[in-house]
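All figures in this text were calculated on a predicted structure; none of them were measured in a lab.
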Amino acid sequence: MKRTLFVKNAFGNVILLLLLVSRLAAQNNESVTFIHVSDIHLIFNIELYQRDLASSRNHYANGVEPFELFLDKKPAETDASFVVATGDMIDFYQGESGKRKMLNVQVEQFAQKINKSEVPVYCVLGNHDIAAYSWDGNTRNSTQNVAGIARSAWIRNASCFYEGTYYSKMMKVGRTNYRLIFLDDSYNDNRENENMIIPYMSIEQLHWLKDQFDERDDDVEIVMMHIPLDSEKIGSIEEENIYSVLKRQSSLKLLLVGHNHENEIKEIAGLGGKFYQVMTGAFARDPENWRVIELTENTISVSLPGKTGQEIKIPIK
């Protein structure tokens, strides 16, 4: 008798759980909310680095605790399903230590924080995330010659990069299919006399990006990258680059960026229509630099910085 009762109760609990999951799925199908944050510039264990180098970056030395608090509290407060971080998560990949050796442990420590988050954290790489710092006796030197090994460290440690440093996610909201595209425009170490267009992306990434747009006709694209577009260039550059790809896409509605450490929204006109470039200020400068993005079947809402109140609503049809 007791065993039968236990089985009945267990079965009832399973049914209740399935009903709860079904209800939550239905609710999530009506809208999806996430948080945009950028330029976090975390530095872990700054005391391990060369004294003058550490002193030159000391303004970012106290960011770990505010970021931990943000991950712990803000998604729940805003009912966000995930967080998007558009680059410069750490201040440097590799830095000269007090023993004059290059120390590269920042990626692993940042990845531990986001991998433990209650909600997924999807990242794109920024220029600082693949940079190495050293001290020459008078000033800080920075190079991206370590870009290859830095990217491999991110792929190895951060779960969002397990498929590579550019990737996409699909989600259905009501009857609308959203494609979230995460790009890698972190390399900006152009040399003298090089005609390098910033934001820079390799040709293989551009081919992949075009295939993402062409994969289906009924989706709406949101693109995440670190360095913003120069809106004055999008109509004038014709060779194959990020400008020429994005300006042709009528289904692109939103571009989320960082890098300039400012809060700004720009309307950008392309050949296929218009989209909005939303820049969120540096979290490293103010932990209230975050925005709430809400996706519904017919609109995309973008909040004011540090608030849930709406700054702009973008129709998608």
Side-chain angles (χ1 to χ4, degrees), residues 34-44 46 56-71 74-75 78 80 82-95 106-107 109-111 113-114 117 121-133 140 142 144 147 150-151 153-154 158 160-161 165-166 180 182-189 198-201 222-230 254-266 276-293 302-307 311:
F34 65 93
I35 300 176
H36 177 220
V37 65
S38 196
D39 297 88
I40 307 163
H41 284 275
L42 294 194
I43 302 178
F44 298 87
I46 196 171
S56 73
R57 308 307 292 174
N58 194 57
H59 51 292
Y60 291 143
N62 300 310
V64 175
E65 186 175 347
F67 184 64
E68 289 175 333
L69 186 62
F70 166 82
L71 284 183
K74 202 56 64 178
T78 59
F82 56 94
V83 172
V84 169
T86 53
D88 287 357
M89 284 79 69
I90 55 178
D91 193 49
F92 53 89
Y93 160 70
Q94 188 178 72
Q106 298 293 312
V107 171
Q109 293 181 91
F110 181 85
K113 302 297 180 188
I114 62 171
S117 171
V121 181
Y122 300 120
C123 303
V124 301
L125 295 181
N127 51 297
H128 282 260
D129 298 318
I130 61 169
Y133 290 168
R140 173 178 60 90
S142 177
Q144 289 187 319
R151 285 189 173 107
W154 282 106
C160 60
F161 291 128
T165 58
Y166 51 93
L180 277 58
F182 302 82
L183 299 178
D184 181 353
D185 65 330
S186 55
Y187 191 82
N188 68 344
D189 193 12
I198 304 294
Y200 168 78
M201 288 177 199
I222 299 174
V223 169
M224 274 66 69
M225 52 196 281
H226 179 59
I227 299 175
L229 298 180
D230 182 342
L254 177 63
L255 183 63
L256 295 176
V257 298
H259 187 61
N260 289 348
H261 292 200
E262 298 174 355
N263 289 297
E264 179 184 81
I265 296 180
K266 280 187 177 180
Y276 290 86
Q277 177 170 267
V278 173
M279 184 188 305
T280 298
F283 183 90
R285 293 188 175 181
D286 184 352
E288 292 303 309
N289 276 330
W290 48 267
R291 295 181 189 268
V292 175
I293 315 295
V302 180
S303 81
L304 292 157
K307 302 180 184 299
E311 181 170 359

Donor-acceptor pairs are to be reported for all side-chain atoms of residues 125-132 against protein atoms at under 3.5 Å, with residues two or more places apart or in another chain.
residue : atom : partner : partner atom : Å
N127    : OD1  : H226    : NE2          : 3.0
N127    : OD1  : H259    : ND1          : 3.3
H128    : ND1  : D91     : O            : 2.8
H128    : ND1  : Y133    : OH           : 2.8
D129    : OD1  : M89     : N            : 2.9
D129    : OD1  : I90     : N            : 3.0
D129    : OD2  : D88     : N            : 2.8
D129    : OD2  : M89     : N            : 3.4
D129    : OD2  : G126    : N            : 2.7

Neighbour count >12 (heavy atoms, 6.0 Å) for atom CG, N62: no
Sequence-distant partners of N58, side chain to side chain contact (heavy atoms under 4.5 Å, CB included), two or more places apart: I46, A61
Run the salt bridge (Lys or Arg N to Asp or Glu O under 4.0 Å) test against [X] and tell me which residues pass, sequence neighbours left out.
{"X": "E288", "value": "none"}
{"X": "E68", "value": "K113"}
{"X": "D230", "value": "none"}

Validation row: D184, W154 side chains within 4.5 angstrom (heavy atoms): no
Treating [X] as the side-chain partner and [Y] as the backbone partner, does any N or O pair qualify as donor plus acceptor under 3.5 Å?
{"X": "Q144", "Y": "S186", "result": "yes"}
{"X": "T86", "Y": "M224", "result": "no"}
{"X": "D39", "Y": "H261", "result": "no"}

Aromatic plane relationship, Y60 with H41 - under 30° parallel, 30 to 60° tilted, over 60° perpendicular: parallel
Intermediate values then yes/no, side-chain contact (heavy atoms from CB on, under 4.5 Å), C123 and I114: CA-CA 10 Å; C123 303; I114 62 171; 3.9 Å; yes
E311 vs N263, side-chain contact (heavy atoms from CB on, under 4.5 Å): CA-CA, chis, key distance, verdict: CA-CA 11 Å; E311 181 170 359; N263 289 297; over 6 Å; no
E264: side chain to side chain donor-acceptor pair (under 3.5 Å) partners, not counting sequence neighbours: none
